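By convention here, the first residue in the shown sequence is residue 1. This is a predicted model, so every value here is computed, not measured.
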Amino acid sequence: MDVFPGWEDSSMGLRVKRVRQRLTITLDGYFTLSYNRQENVFVELDERMHGKVCGMMGNGDGNPDNDFQILDSSSPSGLRTLVNPSKEEIDMFGNSWVKPGSCPTN
């Protein structure tokens, strides 16, 4: 049986825990990330981060309609928002935030 009771570093405000199949990582004052050990990752921003992020975690303004922003050099802001993205656009979204050389290639 795979047992992981959790881990905490209170000096950093970092906690890792598992409840059933869900693994949760929390960095106090910033975010909580949950992984269901299948294919879904959920990110919840702390209120103090609203409006202070962009990209993979949206912009944190509470409006899900502007969360899929991809890097786009032809846009004045450098970002383009995907509205009702298709599967291919979601893949493009994720790949647009990859730092060159940071991911292994097959």
Exercise: identify the closest heavy-atom pair between [X] and [Y]:
| X | Y | answer |
| --- | --- | --- |
| Leu14 | Trp7 | CD2-CZ3, 3.4 Å |
| Glu89 | Leu82 | O-CD1, 3.5 Å |
| Arg22 | Ser34 | NH1-CB, 3.5 Å |
| Leu27 | Met12 | CD1-O, 3.4 Å |

Next on the checklist: Please check if the number of heavy atoms outside Asn40 that lie under 6.0 Å from its CG is greater than 12.
Outcome noted: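 Yes - once you tally the heavy atoms of other residues, nucleotides and ligands closer than 6.0 Å, there are more than 12.
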Checklist entry - Roughly how far, to the nearest 0.5 Å, is the NZ atom of Lys52 from the CG atom of Leu45? => result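 Answer rounded to 0.5 Å: 11.5 Å.
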Checklist entry - Once you round to the nearest 0.5 Å, how far does OG1 of Thr32 lie from CG of Asp46? => result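 It is 8.0 Å, given to the nearest 0.5 Å.
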Checklist entry - For the side-chain contact (heavy atoms from CB on, under 4.5 Å) test, which of Thr26, Thr24, Leu33, Ile25 pairs with Val16? => result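 Only match with Val16 under side-chain contact (heavy atoms from CB on, under 4.5 Å): Ile25.
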Hphob cluster co-occupancy, [X] + [Y], side-chain heavy atoms under 4.5 angstrom:
| X | Y | value |
| --- | --- | --- |
| Val53 | Val41 | yes |
| Phe31 | Met49 | yes |
| Val43 | Tyr35 | yes |

Next on the checklist: Between Asn95 and Phe93, does the side chain to side chain contact (heavy atoms under 4.5 Å, CB included) criterion hold? Intermediate values first, please.
Outcome noted: CA-CA 6 Å; Asn95 290 332; Phe93 165 76; over 6 Å; no
Checklist entry - Are the side chains of Glu8 and Lys17 in touch, meaning some heavy atoms are under 4.5 Å apart? => result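 Not in contact.
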Checklist entry - Between Asp9 and Arg15, is the closest basic N to carboxylate O distance under 4.0 Å? => result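 Looking at Arg15 and Asp9, the cut-off is not met.
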